[in-house]
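Chain letters run A, B, ... following the sequence lines, proteins first, then strands; residues in each count from 1.
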Protein chains: 2
Amino acid sequence: MRVSLEDIARAAGVSVKTVSGALHGGSARMAADTRERIQALATELGYVTNLPARGIRQGWLPLIGVVADGVITSPFATHIIRGLDGEASKQQMSVFVTTVSAARDAAATIAEVERFRPRAIAYATMYHKFVDLPEAADRAVGLLINCRSRDAARAALVPAERDAAFTITDYLLRHGRRRPAFLNLPGLLAGELREAGFRQALRAHDLPVVEERIGAAVSGGFYSDKAESLVQARIGAWLAGADAPDAILCGNDRIALEAYNALRRLGARIPDDVAIASFDNQVDIASRLDPPLTTMALPHREMGQLAADILLGLTETPEGVLEVPFRLVERRSV
Amino acid sequence: MRVSLEDIARAAGVSVKTVSGALHGGSARMAADTRERIQALATELGYVTNLPARGIRQGWLPLIGVVADGVITSPFATHIIRGLDGEASKQQMSVFVTTVSAARDAAATIAEVERFRPRAIAYATMYHKFVDLPEAADRAVGLLINCRSRDAARAALVPAERDAAFTITDYLLRHGRRRPAFLNLPGLLAGELREAGFRQALRAHDLPVVEERIGAAVSGGFYSDKAESLVQARIGAWLAGADAPDAILCGNDRIALEAYNALRRLGARIPDDVAIASFDNQVDIASRLDPPLTTMALPHREMGQLAADILLGLTETPEGVLEVPFRLVERRSV
DNA sequence: TCCGGTTGAGTTAACGTTTACCCATGATAG
DNA sequence: CTATCATGGGTAAACGTTAACTCAACCGGA
């Protein structure tokens with residue numbers, strides 16, 4: 001049913017090895033017309049490479065295994081996969097994503113992926129955080145994406161949160177803002193690092209770090225129904241007080257959306273009265289707001305591409321954590 | 001480096017076949033203690049099944065190949081994959097998703113997946129639509145998910161749009177609403193079918209189908225920046241006219257969100273003045289609105305589960321298009 | 001005691017591919 | 001004209017696993 005090299009060889013009147021060489025061998029010595037004849041025959045017969053058979057010979061399948069921790073449903077985390085896939089397919093490699101779930105913990109998921117003998121395995125998380133993999137599983141993983149080990153010893157690709165915060169704050173300051181506020185994402189690694197970058201930029205510009213202008217936008221780590229009212233209360237207090245901020249850097253686009261709503265309700269104009277900037281460049285939000293939001297785009301696609309290059313040996317494996325820069329997307333909110 | 005059955009056999013002092021039988025053979029005749037001893041040894045040595053090797057023997061790898069048309073980034077389409085994965089993993093099967101992209105058309109993507117010799121291949125789309133696969137590719141695909149062939153001859157799983165619309169409209173009518181309006185998704189298959197179900201339910205209740213109360217919420221098939229103002233204009237006109245609707249069935253949750261905004265601006269209360277119901281149960285929206293939205297949940301997970309059962313031969317392959325029912329999620333907007 | 005049957009495990013071959021090695025043919029140079 | 005070499009292609013083995021077959025040992029019943 002399924003056509004094999006042998007079928008083609010019989011049809012062409014040559015040996016199996018010749019067919020193999022004609023179809024897959026790079027530029028091994030072979031008469032050009034023989035090669036063409038065989039290729040035509042293969043197409044005609046509908047030959048499809050049997051990768052498992054090749055895999056048993058080579059010891060691996062042309063796959064990059066990705067163990068996804070937290071469902072890869074997050075609108076931007078899928079960019080990691082797309083970046084990986086785009087790069088990998090240039091090398092005839094496929095990406096095999098398996099997600100960790102309640103029924104299958106990290107170690108089990110890694111083992112499941114290993115069974116297929118991928119060329120390399122990466123461990124990717126939905127948002128930037130620390131991970132601790134069990135010893136055995138850890139050995140199988142070649143690269144962490146969007147997460148890092150606590151000891152920072154493992155090769156990892158993460159967004160350069162701190163640099164991004166520095167950059168965007170610097171950008172606000174260079175645009176004449178003098179009293180920027182920061183509406184943070186408490187309890188998240190990204191939030192902490194972004195806040196550090198914010199503070200660092202203020203210091204670099206010899207501006208005072210006013211603690212009252214640094215606040216939490218949500219109560220837990222994620223959005224609750226209270227997020228909206230919290231943001232509103234916080235911004236209300238800021239605008240009512242003396243020394244009201246002339247710019248608000250939001251922990252992410254989602255918070256920026258709430259900030260837009262709050263400011264509109266309070267009658268403040270963006271960017272005239274208050275400039276808004278943010279992080280993530282979440283497609284549903286950032287470009288749709290009015291005015292469109294200036295934001296630091298998470299380098300998910302770039303991390304995916306880089307990861308593919310590293311795992312396929314095209315780029316050297318980083319020692320420890322490699323921070324991948326965000327991209328500044330200038331729109332009209334500043 | 002990698003430990004094989006032979007390594008275990010040597011360590012245990014038995015033959016390779018005995019090890020194979022002990023680890024994978026169901027209940028083949030074998031002394032229980034031998035089996036246990038071998039299993040313990042395998043764990044100790046860190047044996048991981050070499051699936052490509054088994055695959056070459058069996059002719060297939062324990063994979064369900066999924067060709068995803070349109071990036072599987074849509075917040076609900078991922079449920080298809082999760083449903084598939086959950087079911088498949090019960091049978092020790094993995095799901096291998098490859099997305100069609102600009103660089104790789106449907107036929108090429110299917111061929112790429114075929115190389116791995118999956119047990120079966122499904123073709124899934126991001127939203128409900130018609131697809132026409134090229135002949136060769138078509139033969140490799142065992143099931144369409146969320147899409148259908150024009151001639152309806154191919155086995156396909158799609159959401160029961162029309163039934164769902166009938167059900168939710170019936171639900172509105174049973175809750176005393178008499179003048180329901182429909183804010184449609186023009187140009188989309190789902191929209192057409194939902195509208196048909198809406199009309200059908202009105203007729204079933206002997207109510208007139210008022211064409212003025214059936215309108216498009218967006219200009220093209222998808223959301224543009226104008227969606228918001230279009231919905232607002234439409235609802236404004238409805239409420240201003242005589243015979244204003246006492247319920248609005250929205251083409252999807254996204255439209256419902258716009259409707260909420262429009263109604264709030266116009267001072268209409270939900271559900272007291274106007275009931276709202278919708279389709280999709282999009283997690284970011286439906287449960288977060290105030291009041292939470294009553295909506296027909298797309299059966300994506302169910303389609304995934306069913307697809308796995310069909311592709312693995314646990315359930316009979318449907319002849320033609322099988323419509324999978326939505327689930328009514330009652331919240332407080334009616 | 002002998003024999004059929006059952007149980008446990010070994011032997012061999014096969015899956016489709018690639019790779020290392022070998023051989024025949026013809027061309028080229030001395 | 002012959003020795004050498006490049007060229008094109010064949011042969012055989014190997015990858016790790018499983019399936020079909022074979023064989024030895026042991027047990028119970030006649």
Atom-to-atom span, [atom1] of [X] to [atom2] of [N] - whole angstrom:
{"X": "B:Asp7", "N": "D:dT17", "atom1": "CG", "atom2": "P", "value": "9 Å"}
{"X": "B:Leu23", "N": "D:dA19", "atom1": "CG", "atom2": "P", "value": "14 Å"}
{"X": "A:Arg115", "N": "D:dT17", "atom1": "CZ", "atom2": "C1'", "value": "14 Å"}
{"X": "B:Lys17", "N": "D:dA24", "atom1": "NZ", "atom2": "P", "value": "17 Å"}
{"X": "B:Phe116", "N": "C:dC15", "atom1": "CZ", "atom2": "C1'", "value": "18 Å"}
{"X": "A:Arg35", "N": "D:dG9", "atom1": "CZ", "atom2": "C1'", "value": "13 Å"}
{"X": "B:Glu6", "N": "C:dA9", "atom1": "CD", "atom2": "P", "value": "19 Å"}
{"X": "B:Arg2", "N": "D:dG16", "atom1": "CZ", "atom2": "P", "value": "11 Å"}

Classify the nucleic acid contact of B:Val14 as base, sugar-phosphate or nothing, counting any heavy atom under 4.0 Å across all strands shown.
sugar-phosphate
Any side-chain N or O of [X] below 4.0 angstrom from OP1/OP2 of [N]?
{"X": "A:Ser20", "N": "C:dT17", "result": "no"}
{"X": "A:Ser4", "N": "C:dC15", "result": "no"}
{"X": "A:Ser15", "N": "D:dG10", "result": "yes"}
{"X": "A:Thr34", "N": "D:dG9", "result": "yes"}

State the OG1-CG distance between A:Thr317 and A:Leu311, to the nearest 0.5 angstrom.
7.5 Å
So, [X] and [Y]: side-chain donor and acceptor under 3.5 Å apart, yes or no?
{"X": "A:Tyr123", "Y": "A:Asp69", "answer": "yes"}
{"X": "A:Glu112", "Y": "B:Ser94", "answer": "yes"}
{"X": "A:His24", "Y": "A:Arg54", "answer": "yes"}

Any salt bridge between B:Asp85 and B:Arg301, counting N to O under 4.0 Å?
no
Taking NZ, NE, NH1 and NH2 as the nitrogens, is one of them in B:Asp7 or B:Arg2 under 4.0 Å from a carboxylate oxygen of the other?
no
Mind telling me whether A:Phe96 and A:Phe116 have parallel, tilted or perpendicular rings, with 30° and 60° as the class edges?
perpendicular
Does the structure place the NZ or CZ of A:Arg119 under 6.0 Å from the centre of the six-membered ring of A:Trp60, at an angle of no more than 45° from the ring's axis?
yes
Does A:Ala12 offer a backbone N or O that forms a donor-acceptor pair with the side chain of A:Arg37 under 3.5 Å?
yes
Which residues, if any, of residues 46-61 of chain B bring a heavy atom under 4.0 Å of DNA chain D?
B:Tyr47, B:Asn50, B:Ala53, B:Arg54, B:Ile56, B:Arg57, B:Gln58
Measure the angle between the two terminal helix axes of the helix from C:dT1-D:dA30 to C:dG30-D:dC1, five base pairs each, and quote it to 10°.
50°
